[in-house]
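This report refers to the structure that appears directly beneath it.
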Amino acid sequence: MTINELAKLAGVSISTVSKVMNNKDDSISQSTRERILKIAKEYHYTPTVSAQKKQRSLSLGVIFRSAKRMNLMLSGMIDAAQKKGYTLLVRDSADDMDTEHKNISALISYNVDGLLWEPAGDNSLKLAEELGAQDIPYLLFNSGCPGAINLDYRKMGYFAASVLIEHGHRDIACLLAEGSRTEAFAEGYKQCLFDHQLPLNEELIFTGITGSLRHKIAAHTISGIIVSHFRMAVELYEEVHSLYYELPYDLSLISLRDAGRSDMNYPKISSIDIPFYDYGAHMAAQLIALLERDEAAGASEPSFPIRLDDLETVGVPFNDHSKRVVVVGSINIDNYLNVDALPYSGKTVKSVMASSYPGGKGLNTAAGIAKLGHQVSLIGKVGNDAESDVIFSSLNSHHVDPSGVKRCRDAKTGQAHIFVQPDGASMITIMSGANNLLAPSDVEAARKLFENASFCIMQTEVPIDTLIRAAELARSMGLKTVLKPSTSGRLPAELIKNIDIIVPNESELNDILPESGGGLEEKAKELLSLGAGTVIVTLGDRGCYVRDKSREKYYPAQEFDPIDSSGACDAFISSLVSYLLYGYSMDEAIRISHYAAGFSVTRQGVVPSLIDRSSLESYIRRKEPELLGSEPGSGH
């Protein structure tokens with residue numbers, strides 16, 4: 001086709017066609033430009049040899065840093081270019097800047113209209129001057145160079161980590177291979193941990209399958225891992241199987257993967273497909289829009305859906321195969337004041353020592369459960385203050401799932417002021433703060449935590465209507481419920497009827513039933529008549545009284561030298577639930593729990609004084625070996 005024929009078909013002058021094909025068309029309307037280009041593409045118009053160099057060639061250049069693994073991306077570029085009537089000229093720099101320079105010179109000589117360029121190195125952009133001298137526009141892709149249009153690997157790293165977090169994982173590793181995507185993928189992983197209030201442990205970021213990674217997998221100190229490159233994920237998969245571990249039972253695994261990669265000869269690994277084809281098509285379309293002065297042109301970042309292909313190698317954490325515990329309760333900073341004698345009205349006392357610890361009955365009980373070997377989630381509220389950071393740090397250090405704990409902008413983290421005298425007797429004053437804002441809707445929002453759980457433990461230092469909803473939800477999902485009434489006063493019947501085990505002290509028992517004229521035993525019986533399953537009244541150093549439909553019994557306490565008795569009941573309840581979960585009878589669990597409560601009074605601060613399972617059972621085996629059975633730590 002000649003320029004005269006093109007002008008006739010387009011209904012314009014030869015001069016107008018010449019201006020459009022020579023990029024001198026500023027005075028030409030958008031519709032006229034598009035009509036001329038459309039006809040030129042349809043009829044494969046090629047300027048004559050005598051035409052000026054800067055006429056449109058309707059060809060695009062592509063330079064890959066290395067084209068070995070870019071088949072899908074190239075396919076997308078070719079398809080997008082062909083649909084617009086352009087030819088694609090492809091060059092491969094093989095990661096060599098000298099070859100890259102030759103490629104740029106060659107494409108300039110071919111009179112390409114524009115260039116898609118994957119730089120071979122950090123200094124590649126020095127070659128851009130040659131393109132500028134020839135008025136050849138270019139777009140950078142798959143590069144860390146300024147101005148490059150990249151796939152959002154940061155978003156992919158974030159998504160991969162979030163999938164594991166949604167499945168209950170907290171100890172998540174990141175395995176990286178060398179490549180352009182690595183840094184962004186790792187940044188997404190880190191941001192996801194931060195947004196979900198999980199600590200970043202640099203020791204869980206690996207650049208290869210190291211001895212340290214193998215050790216952490218064997219010790220189950222990591223429960224899931226995300227991988228930047230599929231070939232490394234395959235190596236890890238094969239290594240895990242060689243050690244006789246199973247995915248996802250022992251370890252969950254998610255990897256990035258080139259979209260369209262054949263499954264032949266590869267294990268099935270849960271993967272996020274990298275949309276290279278769509279990315280290539282996007283890059284070609286962007287360059288063409290730039291060349292044709294499309295009003296919508298612009299170097300926009302590609303945005304593609306991110307999906308996990310399946311859950312083949314994704315499951316719950318290894319430690320979650322056992323049932324978990326949900327705790328709904330208060331979270332405070334406990335401020336201890338050591339005094340010679342507890343204060344009373346009109347009496348001023350001096351404190352000889354002061355200290356602070358993360359606390360609150362909800363946090364205390366959750367930490368106790370975790371120390372005794374169970375998975376536990378806490379539902380509660382803290383303020384948006386420095387104390388809340390201390391709380392989250394404590395939850396993470398004690399391996400308590402914090403996903404049900406939320407910050408409140410309009411309240412402070414709860415504060416407890418605890419006066420302790422030398423014999424361990426204590427008196428507590430509480431500023432509820434954010435605890436008062438824990439609502440039934442917060443329990444509903446944390447419904448997922450009730451799945452695969454066996455017990456829900458509640459304390460009345462949060463609103464009663466929230467506990468009623470928690471008890472109803474727990475019952476509907478088959479969980480047993482435990483209630484510690486503290487600072488509660490009278491309890492509504494709709495709460496009591498949904499409680500399997502209620503654990504008041506004598507004072508709290510009287511507050512719950514203020515109009516009852518009977519003694520301790522009669523009031524316990526009255527609670528049973530209101531629907532409670534088992535009543536355990538704690539009696540301090542005198543032990544406890546237990547009553548249910550088939551049992552009425554006093555249990556003696558264990559003798560320990562008291563320093564601080566403020567956390568004894570939290571320790572008792574933590575141990576009671578833990579050993580019921582281990583398969584012990586109620587009678588055995590109560591006796592074991594008196595040991596746990598005894599240990600808790602020997603140190604100041606509740607959480608620091610809570611005992612771990614190994615220490616507790618080692619002590620009991622010396623004192624009362626028959627209580628634990630024949631195998632250490634086995635339960636029944």
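All of these numbers come straight from a predicted model, not from anything done at the bench. Computed over heavy atoms, backbone and side chain alike; hydrogens, waters and symmetry mates excluded. Here, residue 1 is the first one in the sequence, and each next residue gets the next number.
Crowding of K412 atom NZ: a count of heavy atoms from other residues, nucleotides or ligands under 6.0 Å not exceeding 12. For K480, the NZ atom is loosely surrounded, since the number of other residues' heavy atoms within 6.0 Å does not exceed 12. Around the OH atom of Y554, the shell of radius 6.0 Å holds more than 12 heavy atoms that belong to other residues, nucleotides or ligands.
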Criterion side-chain hydrogen bond (donor to acceptor under 3.5 Å, both in side chains) on E494 and N498, from CA distance to verdict: CA-CA 7 Å; E494 58 185 320; N498 283 313; over 6 Å; no
Any chance you could lay out the side-chain hydrogen bond (donor to acceptor under 3.5 Å, both in side chains) test for S403 and D401, step after step, and finish with the verdict? CA-CA 6 Å; S403 59; D401 174 18; 3.0 Å; yes
Side chain to side chain contact (heavy atoms under 4.5 Å, CB included) between F572 and I590: does it pass, once the steps are laid out? CA-CA 8 Å; F572 180 90; I590 290 172; 4.3 Å; yes
Using the rule given for salt bridge (charged side-chain N to carboxylate O under 4.0 Å, His left out), can you reason through E624 versus R591, listing the C-alpha separation, both sets of side-chain angles and the distance that settles it, and then say yes or no? CA-CA 10 Å; E624 197 176 349; R591 291 161 59 195; 2.4 Å; yes
Could you walk me through whether K216 and L204 satisfy the side chain to side chain contact (heavy atoms under 4.5 Å, CB included) test, starting with their C-alpha distance in whole Å, then the side-chain angles of each, then the deciding distance to 0.1 Å, before giving a yes or no? CA-CA 9 Å; K216 292 182 184 300; L204 297 187; 3.7 Å; yes
Worked check of side chain to side chain contact (heavy atoms under 4.5 Å, CB included) between D561 and T602: CA-CA 6 Å; D561 293 330; T602 61; 5.6 Å; no
Determine, step by step, whether Y153 and E187 satisfy the side-chain hydrogen bond (donor to acceptor under 3.5 Å, both in side chains) criterion, reporting the C-alpha distance in whole Å, the side-chain angles of both residues, the deciding distance to 0.1 Å, and the verdict. CA-CA 9 Å; Y153 290 110; E187 286 301 315; over 6 Å; no
Could you check R324 against V376 for side chain to side chain contact (heavy atoms under 4.5 Å, CB included), going step by step and ending with a plain yes or no? CA-CA 5 Å; R324 66 166 56 235; V376 58; 6.0 Å; no
I'd like to know whether Y619 forms a side-chain hydrogen bond (donor to acceptor under 3.5 Å, both in side chains) with Q558, so could you lay out the CA-CA distance, the side-chain angles of the two residues, the decisive distance to 0.1 Å, and finally the verdict. CA-CA 12 Å; Y619 183 83; Q558 297 298 322; over 6 Å; no
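Contact annotation: the side chain of E506 approaches that of L539 to within less than 4.5 Å [non-hydrogen atoms, C-beta and beyond]. Under the 4.5 Å side-chain criterion, counting only non-hydrogen atoms from C-beta, V607 is not in contact with D334. Using a 4.5 Å cut-off on side-chain heavy atoms (C-beta onward), E461 and I430 make contact. C544 has its side chain within reach of H594: a pair of non-hydrogen atoms, C-beta onward, lies under 4.5 Å apart. Residues N335 and Q415 form a side-chain contact, since some pair of their non-hydrogen atoms from C-beta on lies under 4.5 Å apart. Contact of the N332 side chain with the L363 side chain is not registered, since no non-hydrogen atoms from C-beta on lie closer than 4.5 Å. Counting heavy atoms from C-beta outward, P492 and I464 have side chains that approach closer than 4.5 Å. At a threshold of 4.5 Å between non-hydrogen side-chain atoms, the residues V482 and M458 do not count as touching.
Donor-acceptor pairing under 3.5 Å is lacking for the side chains of N510 and S507. Residues S330 and Q459 have side chains that never bring a donor and an acceptor to within less than 3.5 angstrom of each other. Using modelled atom types and a 3.5 Å distance limit, the side chains of Y582 and R613 yield a donor-acceptor pair.
Listed by first and then second residue, the ring-ring contact (aromatic ring centres under 6.0 Å, His included) pairs involving residues 426-477 amount to none (not counting sequence neighbours).
Panel note: side chain R407, backbone K381; no donor-acceptor pair is recorded below 3.5 Å. Within the 3.5 Å criterion, the main-chain N or O of L610 finds a donor-acceptor partner in the side chain of K371. In this structure a side-chain-to-backbone donor-acceptor pair under 3.5 Å is present from S270 to E312. A donor-acceptor pair under 3.5 Å links the side-chain atoms of S529 to the main chain of E526, judged by distance alone. With hydrogens and angles ignored, the 3.5 Å screen pairs a side-chain donor or acceptor of S618 with a backbone N or O of S614. At distances below 3.5 Å, at least one donor-acceptor pair connects side-chain atoms of N435 with backbone N or O atoms of S432. Remark: the backbone N or O of N505 is paired with a side-chain donor or acceptor of E508 at under 3.5 angstrom.
Closest non-hydrogen pair, I502 versus A532, comes out as CG2-CB, 4.2 Å. Looking at every heavy atom in both residues, T466 comes nearest to V443 through CG2-CG2, 3.6 Å. For I499 against T481, the heavy-atom pair with the smallest separation is CA-OG1, 3.1 Å. Shown here for V503 and T538, the closest heavy-atom pair between the two residues is CG1-CG2, 3.8 Å. The nearest pair of heavy atoms linking G533 to L528 is O-CD2, 3.5 Å. When every heavy atom of D612 is checked against every heavy atom of L372, the shortest pair comes out as C-CD2, 3.9 Å.
Qualifying salt bridge (Lys or Arg N to Asp or Glu O under 4.0 Å) partners for D500, counting only residues two or more places apart in sequence or in other chains: R475. Qualifying side chain to side chain contact (heavy atoms under 4.5 Å, CB included) partners for R551, counting only residues two or more places apart in sequence or in other chains: V546, D548, K553, Y555, M586. By the side chain to side chain donor-acceptor pair (under 3.5 Å) test, E552 is found to be paired with Y545, R547, residues two or more places apart in sequence or in another chain being considered.
Annotation: the span from I501 atom CD1 to T534 atom OG1 amounts to 5.5 Å, rounded to 0.5 Å. Put simply, CG on L491 and CG on L527 are 8.0 Å apart, with the number rounded to the nearest 0.5 Å. Separating the OG1 atom in T221 from the CD atom in E203 is a distance of 10.0 Å, to the nearest 0.5 Å.
A salt bridge links R447 with E444: the distance from a Lys NZ or Arg NE/NH1/NH2 to an Asp or Glu carboxylate oxygen falls below 4.0 Å. Between D465 and R469, none of the side-chain N atoms (NZ, or NE/NH1/NH2) sits under 4.0 Å from a carboxylate O, so this pair counts as no salt bridge. For K406 and D442, the salt-bridge test fails: no basic side-chain N is under 4.0 Å from an acidic carboxylate O.
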Would you be so kind as to tabulate the donor-acceptor pairs closer than 3.5 Å made by side chains of residues 159-173, with sequence neighbours excluded?
{"unit_1": "S162", "atom_1": "OG", "unit_2": "Y158", "atom_2": "O", "d": "3.4"}
{"unit_1": "S162", "atom_1": "OG", "unit_2": "F159", "atom_2": "O", "d": "2.7"}
{"unit_1": "H167", "atom_1": "ND1", "unit_2": "V163", "atom_2": "O", "d": "2.9"}
{"unit_1": "H169", "atom_1": "ND1", "unit_2": "S223", "atom_2": "O", "d": "3.4"}
{"unit_1": "H169", "atom_1": "ND1", "unit_2": "S223", "atom_2": "OG", "d": "2.7"}
{"unit_1": "H169", "atom_1": "NE2", "unit_2": "S252", "atom_2": "OG", "d": "3.3"}
{"unit_1": "H169", "atom_1": "NE2", "unit_2": "G315", "atom_2": "O", "d": "2.6"}
{"unit_1": "R170", "atom_1": "NH2", "unit_2": "N396", "atom_2": "OD1", "d": "2.9"}

Only pairs under 3.5 Å count here: list side-chain donor-acceptor contacts from residues 573-581, not counting sequence neighbours, and write none if there are none.
{"unit_1": "S574", "atom_1": "OG", "unit_2": "T365", "atom_2": "O", "d": "3.1"}
{"unit_1": "S574", "atom_1": "OG", "unit_2": "D570", "atom_2": "O", "d": "2.9"}
{"unit_1": "S575", "atom_1": "OG", "unit_2": "S593", "atom_2": "OG", "d": "3.1"}
{"unit_1": "S578", "atom_1": "OG", "unit_2": "S574", "atom_2": "O", "d": "2.8"}
{"unit_1": "Y579", "atom_1": "OH", "unit_2": "E617", "atom_2": "OE2", "d": "2.9"}

